[in-house]
Enquirer: 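The structure's right below; bear with me while I get my questions together.
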Amino acid sequence: MKLSHLFGETLREAPADAEFTSHQLLVRAGYIRQLGAGIFSYLPLARRVMDKIENIMREEMNAIGGQEMTMPVVHPAEIWQETGRWYQIGSEMGRMKDSTGRDMVLAMTHEEVVTSLVRDIIHSYRQLPALIYHIQTKWRDEPRSRGGLIRVREFTMKDSYSLDTDWEGLDKQYWAHYHAYFNIFNRCGLPTIAVESDVGMMGGKQAHEFMYLTPIGEDTLVLCDACGYTSNRQVATFQKPEPDPEEPKPLEKVATPGTKTIEDLANFLNIPQSKTAKAVFMVATITEGQEDVEKFVFAVVRGDMELNETKLTNAIKAKELRPAHEEEIKAIGAEAGYGSPIGIHREDVILVVDDLAAKSSNLVAGANEEGYHFLNVNYGRDYEADIVADIVAAADGYACPKCGAPLRTVRGVEVGNIFKLGTRYSAAMGALFQDKDGTRKPVIMGSYGIGVGRLMASVVEEHNDKYGIIWPISIAPYQVHMVALRGGFEAAEQLYQELLDAGVEVLYDDRTGPSPGEKFNDADLIGVPLRLTVGGRSLKKGGAELKRRDAKNIALVPLDEAVARVQDEIRAMEAELAAKAASAK
RNA sequence: CGGGGAGUAGCGCAGUUCGGUAGCGCGCUUGGUUUGGGUCCAAGAAGUCGUCGGUUCAAAUCCGGCCUCCCCGACCA
């Protein structure tokens, strides 16, 4: 490709609204342009990177028995109504009507389509197991897109779906994906870790997320350096300390003026925060039969800990959870800042108590009256919960659930996920097969996704310097960027042909206008891993100059050896990447 | 949905306080100059000042509605 005709241009300055390095560089180097919030065009350079990423995905999916296909982006609403997600999912789902007034859905994911295909096509255990995948556009109307390609509304995803007769089969395909995903990320030069995660709106049984660790990440992860335990904070557990056994003391109401926060309260009474109970007021949407009802949720955790909303949501099997409004809190007889489960309108709330708070004796809790708290509150004697469960969030320094060593929290970007769906969709849609014993059973399913654009942006986030992008050779838009300078155009043109004939992917800066400095800066910005400079000066010295983007030294190569030397370097970089991938396993 | 910020040429910005011919840098076009890390000179092209309405002799500027984008929070496979 000749740079003079490449569609796209480099910018000296990044758009003011680009915050993240990957966003700035991808725009400045001419890879992407934004059309609207969370909606991007991918210019020819980006298209080539994404093609390479997608081909790596294809190879790894095919290697574990995947068959590629393509499913539609626009779906009739009926299939989403069958699984209930038409009703469960809110404004994040893109909905529209076709010209006949029929409700349609823009694909957020493809479980429904897969399951309807399975219903049509799979009849017998003889057709299973199977693995199908596609690389397709998804639309998710995120309330808040951000960070360039890190979080968008329209994106391309590789999603695969496993179909099995039994759970052992699912387990096999699940772990096959687990390993294939690491292969994909390693081959793209992106370090990742797998963490246990919440199943969220996908439903199902077990899930892992693949995380690229970076401070710009939106997820908080909990890691144990001692034993390797990793989990998304949403579901991370930890060993709770055993509270000192104490004889329950009599309940006592005390004045605690101006102690709206746990910190104030503990200071005022001169007690540790762990001797207090914190009340958190939420309102949950819970599906009862066909209807969604709002229920007030009263959560109690120990004062030194934070509520984990995901755990609470799962504990009460809620569809949605939001903080309660002031009036709602008053309505159940509680007082914000001085709340406790004692004396509230018990029948109007779902009371959920963290297991540690339930075990702890003689805690200080609110009196549901401005300026007053109770001393010596004890679970079982003073109040009873509807649910006692682990509902607090893991934090730095807490004890690892596996080995007890201190946990550490880090931020990460979720670049992929794998889910054991089970029969959530096949049962709902009647995707049944006839087993050996003649009975009809729902197909056991799994679903597995990787966002292509987010992966590309993460790689840029990981591989760059102050001059621009530094692509890993495996997904670089071109393998070599040839810069022709004054006195070298004729030789460069000939070398360009030779490189093309040899099958080398070459971006040729044939522009006569820009100065050498401008061309070198563009080359650094675009980030092709090899640079070949042909100019009067290099020719006088005996050939072309070959430089790796990630290194400083420049090698002078005779023109008749240039193609071979470029190919050597490409092979060397491929070998380096493979070695790094192997050591990451 | 709550809080904050911003919409003026392709990009980055000034001009708005105090209403009076729409500017600067980069980029683009033409001519010349220069030629190994974003040359220099000259001449040009390009903007319904987000949008709708109001006030006024006169609105980028004052007032009101709306739209869009960014950031934080809520939310999120």
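Chain letters run A, B, ... following the sequence lines, proteins first and then strands; every chain starts at 1. We use all heavy atoms of the structure for the numbers below, so side chains are in, but hydrogens, waters and symmetry mates are not.
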Enquirer: Is the A:Trp471 ring parallel, tilted or perpendicular to the A:Tyr31 ring (thresholds 30°, 60°)?
Expert: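 Aromatic pair A:Trp471/A:Tyr31 classed tilted.
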Enquirer: Is the phosphate of B:G27 approached by A:Arg12 (side-chain N or O, under 4.0 Å from OP1 or OP2)?
Expert: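 It does, given that an N or O in the side chain of A:Arg12 lies less than 4.0 Å from OP1 or OP2 of B:G27.
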Enquirer: Whole Å only: how far is the CD atom of A:Glu13 from the C1' atom of B:G12?
Expert: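 So the two atoms are 4 Å apart, to the nearest Å.
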Enquirer: If you look at every strand shown and take non-hydrogen atoms under 4.0 Å, does A:Gly449 touch a base, only sugar-phosphate, or nothing?
Expert: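 No contact at all - A:Gly449 keeps every heavy atom at 4.0 Å or more from the nucleic acid.
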Enquirer: Would you mind checking if A:Glu545 and A:Lys541 are paired as a salt bridge, meaning a charged N to carboxylate O distance below 4.0 Å?
Expert: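 Yes, A:Lys541 and A:Glu545 are salt-bridged.
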Enquirer: I want to verify a distance call: between B:G38, B:G37, B:U35, whose nearest atom is closest to the A:Arg486 side chain?
Expert: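 For A:Arg486, the side-chain atoms sit closest to B:U35.
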Enquirer: Between B:U35 and A:Ser515, is there an OP1 or OP2 to side-chain N/O distance shorter than 4.0 Å?
Expert: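 No, outside the criterion.
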Enquirer: Taking pairing as Watson-Crick or G-U wobble with both contacts under 3.5 Å, can you name the mate of B:A45, or confirm there isn't one?
Expert: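 Paired with B:A45, as far as the under-3.5 Å criterion goes, is no nucleotide at all.
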Enquirer: Rounded off to whole Å, could you give me the NE2-to-C1' distance for the A:His23 and B:C69 pair?
Expert: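 For the pair A:His23 NE2 and B:C69 C1', the rounded distance is 11 Å.
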Enquirer: Compare every heavy atom of A:Lys278 with every heavy atom of A:Met305, then report the nearest pair and how far apart it is.
Expert: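 Nearest pair, atom of A:Met305 first, then A:Lys278: O-NZ, 2.9 Å.
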Enquirer: Let's see if you can work this out: which of B:G10, B:G36, B:C11 has an atom nearest to the side-chain heavy atoms of A:Glu9?
Expert: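 When the side chain of A:Glu9 is considered, B:G10 is the closest of B:G10, B:G36, B:C11.
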Enquirer: Considering all heavy atoms of both residues, which atom of A:Leu421 and which atom of A:Ser447 are nearest to each other, and what is their separation?
Expert: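 Answer, listing the atom of A:Leu421 first, then A:Ser447: CD1-CB, 3.7 Å.
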Enquirer: For a quick check of understanding: with a heavy-atom distance under 4.0 Å over all strands, which category does A:Met157 fall into, base, sugar-phosphate or nothing?
Expert: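 Touches a base.
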